Chemist: 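After the structure tokens below, expect a handful of questions from me.
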Amino acid sequence: MATKEPEIITDKTQMRNWSRAMRSQGKTIGLVPTMGYLHEGHLSLVKQSHRHANLTVVSIYVNPGQFSPSEDLSTYPSDFHGDLRKVMSLSKAVDVVFHPHNLYDYKNNFKNNDVNDSKRSESGNAGSGVVSCVEEKGMGHETWVRVERLEKGLCGKSRPVFFRGVATIVSKLFNIVEPDFAFFGKKDYQQFRVIQRMVRDLDFGIEVIGSEIVRDEDGLALSSRNVHLSPEEREKALSINRSLFRARSSAEKGQINCKELRDLVIQAINDAGGRIDYAEARLETLYTLYGRMKTEPMAPNVDQSSFLEYAYFKHLTYLLNSTSQIVDQESLEAMEEIKSPVVFCIAAWFGKVRLIDNMEINIMKHFCN
Ligand code: AMP
């Protein structure tokens with residue numbers, strides 16, 4: 001547990017040395033990667049890390065590699081001093097704030113593209129006047145991590161370099177910080193799955209832990225980008241979470257046709273004046289289900305008199321007996337009917353702001369409770 005204010009480290013060698021020194025003392029390290037402009041969603045990850053690990057590192061770095069030239073890097077909000085105040089409000093839960101200037105600067109010669117420069121941070125935008133896609137200008141970085149199947153579709157469709165940039169920067173952070181645990185919000189559901197898969201496929205010795213979505217009182221998922229919504233747009237954006245909750249309750253009442261649920265959601269968001277990027281039900285990974293079963297055994301509560309409950313129980317038993325197949329099925333496949341746990345994912349524009357949200361729908365669990 002931290003005994004003083006967090007140390008601020010900007011240099012990657014210093015960061016690695018700190019981690020190695022702590023690990024040599026037998027301490028475990030939790031990493032919470034963020035792009036700053038922190039809110040309660042980020043802080044929930046920090047609290048989770050504080051519970052799991054001896055020491056917590058929060059990284060604050062707006063990653064240019066995940067923005068394509070047409071995206072909002074130059075207007076991404078930033079307030080480093082405000083972030084520090086929020087981190088410090090968590091009564092010593094954070095040991096290090098890792099705030100590198102430019103993680104693609106290998107020769108120290110990219111000063112003009114220094115998106116995390118503290119002067120710019122004070123301006124309130126993380127990347128004003130900087131290049132968005134690092135590859136475009138050949139900034140000396142050539143190696144990209146691709147999670148080939150999972151990065152396609154959903155956010156990957158309209159943001160073609162996004163997951164490549166995320167997987168690459170997270171790999172870099174993992175190599176610099178060398179954490180034991182890394183915490184990701186399920187608000188960015190596809191991202192969470194991409195990172196889980198990358199860690200498995202590339203044998204990172206890190207446990208990836210997902211954290212539930214934190215919402216405002218009115219249900220809007222917290223996001224750094226919410227600051228760009230006008231009051232009217234924010235009100236309209238509530239159609240996202242409201243329609244997701246409605247879709248879940250319709251599914252629980254027996255509407256398991258994904259197209260019908262999708263139409264319901266799209267209609268509600270269009271009526272509110274939003275512009276849909278995507279609205280899709282995807283198979284929630286069976287790997288998750290297996291993880292849940294281990295921490296949250298359901299079998300004793302299952303009343304096997306109902307066919308659905310029985311089927312669910314059989315399903316779980318099968319999963320527990322066939323771990324390798326479970327991992328093979330980690331997929332985010334598109335679904336036509338809600339027969340297995342699904343995650344309903346949405347991205348929609350309100351004005352110039354693109355918001356994402358999702359809802360896990362598990363009608364089997366609903367029947368079993
Ligand atoms: P960002 O700074 O937006 O890149 O987010 C950093 C981390 O915080 C990611 O793992 C996000 O999924 C997570 N996060 C962002 N918003 C929320 C939220 N409302 N609830 C839970 N986690 C979140």
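Please read these numbers as outputs of a predicted model, since none were measured by experiment.
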Chemist: Indicate whether the side chain of Arg193 and that of Gln196 have a donor and an acceptor atom separated by less than 3.5 Å.
Modeler: yes
Chemist: I need the minimum non-hydrogen distance between Cys155 and Ile356, along with the two atoms involved.
Modeler: SG-CG2, 4.0 Å
Chemist: Distance-only, no hydrogens or angles: does the Ser59 side chain make a donor-acceptor pair with backbone N or O of Phe98 under 3.5 Å?
Modeler: no
Chemist: Does the side chain of Asp271 pick up a donor-acceptor pair with the side chain of Gln267 at under 3.5 Å?
Modeler: yes
Chemist: Is a side-chain N or O of Ser239 found less than 3.5 angstrom from the main chain of Lys236, in a donor-acceptor match?
Modeler: yes
Chemist: Does a donor on one side chain sit under 3.5 Å from an acceptor on the other, for Ser19 and Glu178?
Modeler: no
Chemist: Can you tell if the side chain of Phe184 reaches within under 4.5 Å of the side chain of Gln191, non-hydrogen atoms only?
Modeler: yes
Chemist: Please tell me if the side chains of Tyr37 and Val62 come closer than 4.5 Å, counting only heavy atoms from C-beta onward.
Modeler: no
Chemist: Can you label the angle between the Trp144 ring and the His141 ring as parallel, tilted or perpendicular, going by 30° and 60°?
Modeler: perpendicular
Chemist: Give me the atom names and distance for the closest heavy-atom approach of Met198 to Val147.
Modeler: CB-CG2, 3.9 Å
Chemist: Determine the interplanar angle of the Phe183 and His52 rings, folded into 0 to 90°, and report it as parallel if under 30°, tilted if 30 to 60°, perpendicular if over 60°.
Modeler: perpendicular
Chemist: Just jot down the side chain to side chain donor-acceptor pair (under 3.5 Å) partners of Arg242, sequence neighbours excluded, or say none.
Modeler: none
Chemist: Are Trp18 and Asp95 close enough that some pair of their side-chain heavy atoms sits under 4.5 Å apart?
Modeler: yes
Chemist: Hey, are the side chains of Leu244 and Ile361 touching, using non-hydrogen atoms and a 4.5 Å cut-off?
Modeler: no
Chemist: Checking side chain to side chain contact (heavy atoms under 4.5 Å, CB included) against Val145, which of Val170, Leu202, Ile169 comes through?
Modeler: Leu202
Chemist: Is it true that Asn54 and Thr28 share a donor-acceptor pair across their side chains at a distance under 3.5 Å?
Modeler: yes
Chemist: Picking from Arg225, Arg354, Arg159, what satisfies salt bridge (Lys or Arg N to Asp or Glu O under 4.0 Å) with Glu71?
Modeler: Arg159
Chemist: Does some side-chain heavy atom of Leu264 sit less than 4.5 Å from a side-chain heavy atom of Gln255?
Modeler: no
